[in-house]
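Have a look at the structure below, then the notes.
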There are 2 protein chains.
Amino acid sequence: MAQLPTVEDVARVANVSRQTVSNVLNSPEIVKEATRTRVLAAIGELGYRPHASARRLRTQKSSTIGIRLEPVRNGISGSVLDTFLHALTEQADRRGMRVLLFTADDAAAEIEQIRRLRDGADVDAFVLTSTSYQDARVEWLIENNVPFATFGRPWGTEDNPDPRHLWVDVDGRAGVSEATRHLLDGGAQAVAYIGWPSGSGAGDDRHRGWREALEERGLASGDLHVAVEDSVANGRAAAEQLLSSARRPDAIVCASDTLALGARLAASAVGLDDLPIIGFDNTPVAEAVGLSSISQPLEGVAAGVLELLLGPTGNSVRTRGEFSEEPTNRLLAPRLVERRSTHLALDENTGL
Amino acid sequence: MAQLPTVEDVARVANVSRQTVSNVLNSPEIVKEATRTRVLAAIGELGYRPHASARRLRTQKSSTIGIRLEPVRNGISGSVLDTFLHALTEQADRRGMRVLLFTADDAAAEIEQIRRLRDGADVDAFVLTSTSYQDARVEWLIENNVPFATFGRPWGTEDNPDPRHLWVDVDGRAGVSEATRHLLDGGAQAVAYIGWPSGSGAGDDRHRGWREALEERGLASGDLHVAVEDSVANGRAAAEQLLSSARRPDAIVCASDTLALGARLAASAVGLDDLPIIGFDNTPVAEAVGLSSISQPLEGVAAGVLELLLGPTGNSVRTRGEFSEEPTNRLLAPRLVERRSTHLALDENTGL
DNA sequence: GGGAAAAGTTTGATCGATCAAATTCTGAGT
DNA sequence: ACTCAGAATTTGATCGATCAAACTTTTCCC
């Protein structure tokens, strides 16, 4: 295999200097038309491609975004991060950026990995997922002036947001609220909610969406709410409890597809194949079994993250201060995906 | 933020030359003990970390493995690639390698992306997944002498294997065979199989495992096999068909968890909550609903891929010829994960 | 046509590390 | 003490690109 061609080779063939070749690639507008054509021809002829590491060394930019691949994907919803990752990679590529993976078992290990990648000048910016209250990673990144953006809000600091924290999130509250209203509009009288124990930002937010939707219509939420850890079995148990209670619900909204699948099983088990159930995340499983679900606009989240990091059209990470005028976050609306969530069995169309 | 320290800075503090610092990092054994200690102290003091791009430029190695993130994860089984990716990233890290993602819509686009990353010296080796008959990507990589390994066999060339194609795969046939024997040992008389239309390497392989297990016991496989495209709905329909046929099966093995979930639903719908069903891939969904499933040793696959690419202990990609003595592939055995696949509802333990 | 500004192109230095070769240091053997 | 091999360390060159500044050519206007 012959040595890969360099700028020097291209320059020789095109009969210009190194720098002109470089200019054709990086600031084509300052090169005379005729020259540019000649250089491009030479590039094509030789199959030249700039050496990424050389460029990075000189420019002190890696054009790389680091993201942690979570250790154990939380079951059914694992596909959310997956889809997000795909969207991020694809859109980053269009902006000339790459996505580098790393793993870490906990927040401390993640910080250590981030430090390694940053110190090695391997990565220009980081994308964090699953933010929590008092997120140690966020604090560290801000303190150390490392560019980053999160998929997830800085829960708990709504009243005093830090403009150095760039984030994109999906408005779960609005999504659940919409789903609840949709069920009420469809004739439901008692819409129950199966959520998670309070304490998680996203969980509390979604719960609030349901509560508010009921209040809006002057309905009491009283005993229609059950909080359990996220699992199919728990979802099933919760639904069984609700369905056997005095005020039997005629529709259920869940904080996740996992819970919704459990609820679906419970309902079908007692013959309530028609009980409307809506999950959250629009996972492949929901699609496969025909569950309605609230879908997060993951492409939009990826686009938002990149916009915050790179600017509307830029292709390199901006330093803080370059954009003090612009908003530092983005809250996107989810979308309700309706399926015939009446029967568990589906026609051919719903298959994966 | 102060400028990051360089070898030069470390050298000055430790009172040695650049090269000695470099040696401490790359061939510590040739540096005198006392000097090494002094240099390491200086490194610690300054928090020095080698500049990845500079090193790559000089060594002409990127220490990076490229892998394509598949476009639409095929429903429920998407988690397989995901888990593999996690294992690969983690183990690569231990070997000083990084994992870079890219996306592509089809094989041609994937080749183009590979070419870009290779030409830019961004990636030393590639890992391909989901190999098919006559895989164009594999042919291109071999022809262009790009280091790579695949998760998946070179289907169709068993009789004339190309030693330049490094691969790791899981023995689906053995897995399905084991599952089938297990059911027969448990007292089943008629074990059915729901698989995919013939034509896919993995699918045909798994099907064969079932057939052979029956033949081994002198049983006829006759009408106990249904082939459908992979979807929950199809799995359900296939199971319904089998269960209403003359020779009603008393256990079912499926080519995927997706099909198995469908089969489970069909069985439960007609009251056969106890019908044993075994899926394939051991996805979070199988875990969540308590389905038995054949689990692929993904950590092992990741380890195998790295071993083939880097050698047993190496930490950089080997060129062909360096290892003509060693085997060029690895076939790993899957493991049957048993769950109480009798009822769809499960106790707390199975919840995810 | 003269001269200055603008446009286009080239040259030399540099990013931070490692390689290859040269140099200095050490210790064993006589 | 003296030599010399081998160990330990240093020096100069280099990887392939871009930056900054210098240089050359073109354009424009009076």
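In what follows, chains are A, B, ... by sequence order, proteins preceding strands, each numbered from 1. Heavy atoms only: backbone and side chains are in, while hydrogens, waters and symmetry mates are out.
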Output the rounded distance in Å from CG (B/Asp9) to P (C/dC15). 11 Å

Can you tell me the distance, in whole Å, between the CG atom of A/Asn23 and the C1' atom of D/dA20? 12 Å

For the pair made of CD in B/Glu8 and P in D/dG12, what is the distance, rounded to whole Å? 12 Å

Kindly say if B/Thr20 contacts the phosphate of D/dT10, meaning a side-chain N or O under 4.0 Å from OP1 or OP2. yes

Quickly work out the B/Leu57 CG to D/dT18 C1' distance and round it to whole Å. 12 Å

Interatomic distance where CD belongs to A/Gln19 and P belongs to C/dA7 [whole Å]: 18 Å

Tell me whether A/Asp9 contacts the main-chain N or O of A/Thr6 through its side chain, where contact means a donor paired with an acceptor under 3.5 Å. yes

Any idea which of C/dG16, D/dT9, D/dG16 is nearest the B/Thr6 side chain? C/dG16

Please state whether the phosphate of C/dT9, meaning OP1 or OP2, lies under 4.0 angstrom from any side-chain nitrogen or oxygen of A/Thr35. yes

Could you tell me whether B/Arg12 and B/Glu8 make a salt bridge, using a distance below 4.0 angstrom between a side-chain N and a carboxylate O? no

Of the options B/Arg68, B/Arg115, B/Arg116, which is the one that meets B/Glu110 in a salt bridge (Lys or Arg N to Asp or Glu O under 4.0 Å)? B/Arg68

Under the criterion salt bridge (Lys or Arg N to Asp or Glu O under 4.0 Å), I'd like the reasoning laid out for A/Arg98 against B/Asp122: C-alpha separation, chi angles, the key distance, then a yes or no. CA-CA 10 Å; A/Arg98 301 181 183 64; B/Asp122 251 326; 2.7 Å; yes

Distance below 4.0 Å between B/Ser22 side-chain N/O and C/dT18 OP1 or OP2: yes

Which nucleotide in the set C/dT10, C/dA17, D/dA17 lies at the smallest distance from any side-chain heavy atom of A/Ala54? D/dA17

For B/Glu33 and A/Thr59, find the nucleotide of DNA chain D closest to each by heavy atoms; which residue's nucleotide sits nearer the 5' end? B/Glu33

How long is the line joining CZ of B/Arg58 and P of D/dA17, in whole Å? 15 Å

Residue met sooner reading DNA chain C from 5', once A/Glu29 and B/Arg49 are mapped to nucleotides: A/Glu29

Is A/Arg18 side chain donor-acceptor paired with the C/dT11 base, going by distance under 3.5 Å alone? no

Are a donor atom and an acceptor atom from the side chains of A/Asp124 and A/Ser62 found within less than 3.5 Å of each other? yes

Rounded to the Å, how far apart are B/Lys61 NZ and C/dA17 P? 17 Å

How many whole angstroms separate atom NZ of A/Lys32 from atom P of C/dA6? 19 Å

